[in-house]
Amino acid sequence: MKVTFEKYNPSWKIEFESIKNELEKNIGFLNPRIEHIGSTSVEGLSAKPVIDIMIGVKNEEELDKIPSLLQGQDYVYYERYNEDMPYRRFFIKLIDLPQKLDLPEIIHYNDEIPEKIHDHKLRIAHIHVIPTSSEHWTRHIAFRDYLRTHPEIKDEYQQLKEHLSQNEWYDGNDYNEAKDPFIKREERKAVQWYAEHQK
């Protein structure tokens with residue numbers, strides 16, 4: 001598959017706010033932090049037109065409250081990812097109910113991931129649920145804010161993404177792995193920079 005790659009669109013910010021409001025109706029009683037992350041959250045950066053959202057909960061005990069609260073709606077819950085990333089719960093928000101798209105509502109531990117779900121045209125958002133005390137929460141926020149305030153790093157990331165978007169990929173995970181060396185390198189700098197600016 002080729003990764004859909006679009007120039008920055010101000011509507012991504014509006015779309016995030018709309019999804020955030022929807023999520024708050026479902027999970028607001030947990031008092032979560034809901035943040036726009038990833039490339040669509042960085043003005044001027046091209047991206048796959050899928051909104052990355054991070055929901056911050058107080059602790060790991062709250063992670064497993066989220067799946068049932070989003071059930072019966074236009075989300076697919078990737079339960080099978082919990083084994084590799086026990087600190088996170090991951091969902092994709094679809095353009096319609098999973099049943100109407102002939103997709104499962106939950107991808108269980110031993111389930112095959114349906115080929116159809118790799119079609120990013122069916123996705124509106126990726127939802128990552130992580131405790132706010134986790135290093136993973138800090139890493140995502142730090143990297144976003146670092147890109148927003150360091151135009152030379154944003155430009156380097158833009159060029160990398162442009163280059164990678166020309167290639168064929170098995171799926172989105174395959175594409176993400178190709179970006180990983182750059183992201184890991186810059187995330188280390190971003191976390192240090194973020195810590196210094198929180199003082």
Side-chain angles (χ1 to χ4, degrees), residues 3-20 23 32-60 62-63 66 78 81-82 84-93 120 123-167 169 171-199:
V3 172
T4 307
F5 188 67
E6 296 182 6
K7 290 199 177 299
Y8 178 78
N9 189 333
S11 72
W12 292 339
K13 194 183 291 188
I14 298 163
E15 202 166 355
F16 161 71
E17 290 297 339
S18 171
I19 300 166
K20 179 181 178 181
L23 286 166
R33 276 184 65 186
I34 302 176
E35 296 278 351
H36 189 184
I37 60 164
S39 294
T40 60
S41 71
V42 180
E43 197 168 323
L45 190 58
S46 299
K48 298 190 301 288
V50 179
I51 310 298
D52 271 300
I53 295 174
M54 193 163 63
I55 298 173
V57 293
K58 292 181 193 70
N59 50 52
E60 288 199 6
E62 288 193 337
L63 288 174
I66 304 292
Y78 278 68
Y81 284 178
N82 297 356
D84 289 338
M85 297 187 180
Y87 56 84
R88 182 190 77 161
R89 300 294 174 268
F90 180 73
F91 305 79
I92 58 172
K93 180 176 172 62
H120 282 197
R123 303 180 180 204
I124 294 173
H126 295 156
I127 316 284
H128 314 256
V129 187
I130 297 175
T132 53
S133 57
S134 162
E135 64 178 291
H136 305 287
W137 173 272
T138 304
R139 179 169 55 82
H140 284 292
I141 298 294
F143 187 56
R144 177 198 68 188
D145 290 357
Y146 191 67
L147 288 174
R148 285 176 173 177
T149 53
H150 292 73
E152 72 285 357
I153 305 300
K154 181 180 75 175
D155 291 347
E156 189 181 345
Y157 193 30
Q158 171 79 13
Q159 288 167 25
L160 172 65
K161 284 154 69 77
E162 284 176 6
H163 172 70
L164 294 177
S165 71
Q166 304 304 311
N167 299 344
W169 305 98
D171 60 21
N173 292 332
D174 201 22
Y175 166 72
N176 287 337
E177 278 179 26
K179 294 188 299 179
D180 207 44
F182 172 87
I183 291 173
K184 287 278 195 302
R185 185 189 79 212
E186 295 304 327
E187 270 181 349
R188 283 193 292 274
K189 297 180 197 169
V191 168
Q192 186 176 351
W193 168 85
Y194 186 75
E196 288 167 1
H197 285 75
Q198 295 303 297
K199 290 171 185 173

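Residue Glu60 comes nearest to Pro131 through the heavy atom pair CG-CG, 3.8 Å, listed as atom of the first residue, atom of the second, then distance. Scanning both residues, Pro32 and Ile55, for their nearest heavy atoms gives CB-CG2, 3.8 Å. Annotation for His140 and Ile37: closest pair ND1-CD1, 4.0 Å, computed over non-hydrogen atoms. Of all heavy-atom pairs spanning Arg88 and Ile130, the tightest one is CG-CG1, 3.9 Å. Listed here is the closest heavy atom pair of Thr132 and Gly56: CG2-CA, 3.6 Å.
Summarising the geometry, atom CD belonging to Glu156 is positioned 12.5 Å from atom NE2 belonging to His150; distances are rounded to the nearest 0.5 Å. Atoms CD1 and CD1, on Ile127 and Ile51 in that order, are 9.5 Å from each other to the nearest 0.5 Å. Atom CD1 of Ile19 is separated from atom CD1 of Ile14 by 12.0 Å, given to the nearest 0.5 angstrom. In this structure, Phe5 CZ and Gln158 CD are separated by 4.5 Å, a value rounded to the nearest 0.5 Å. Note that NZ of Lys48 and OG of Ser39 are 7.0 Å apart. Values are rounded to the nearest 0.5 Å. Atoms CZ and CD1, on Phe182 and Ile153 in that order, are 6.0 Å from each other to the nearest 0.5 Å.
Between Arg89 and Ile66, the closest side-chain pair of non-hydrogen atoms is not below 4.5 Å. The shortest distance between side-chain heavy atoms of Thr40 and Val50 does not fall below 4.5 Å. Within the 4.5 Å cutoff, no side-chain heavy atoms of Ser133 are placed close to those of Asn59. Counting heavy atoms from C-beta outward, Ile34 and Phe16 have side chains that approach closer than 4.5 Å. Taking the side chain as every heavy atom from C-beta outward, Ile53 and Lys20 never approach each other to under 4.5 Å. Side-chain contact check for Tyr157 versus Lys161: some heavy-atom pair is nearer than 4.5 Å.
Remark: Lys93 does not engage Glu15 in a salt bridge, criterion side-chain N to carboxylate O under 4.0 Å.
Between Tyr8 and Trp12, the angle of the ring planes goes over 60°, which puts this pair in the perpendicular group of the 30/60° scheme. His128 and His126 have perpendicular rings, their planes meeting at more than 60° on a 0 to 90° scale where under 30° would count as parallel.
Side-chain atoms of Arg148 come within 3.5 Å of backbone N or O of Ser41 as a donor-acceptor pair.
Under the salt bridge (Lys or Arg N to Asp or Glu O under 4.0 Å) test applied with Arg144, the options Glu187, Glu35, Glu43, Glu186 reduce to a single match, Glu35.
Within 6.0 Å of CD in Gln192 there are 12 or fewer heavy atoms belonging to other residues, nucleotides or ligands.
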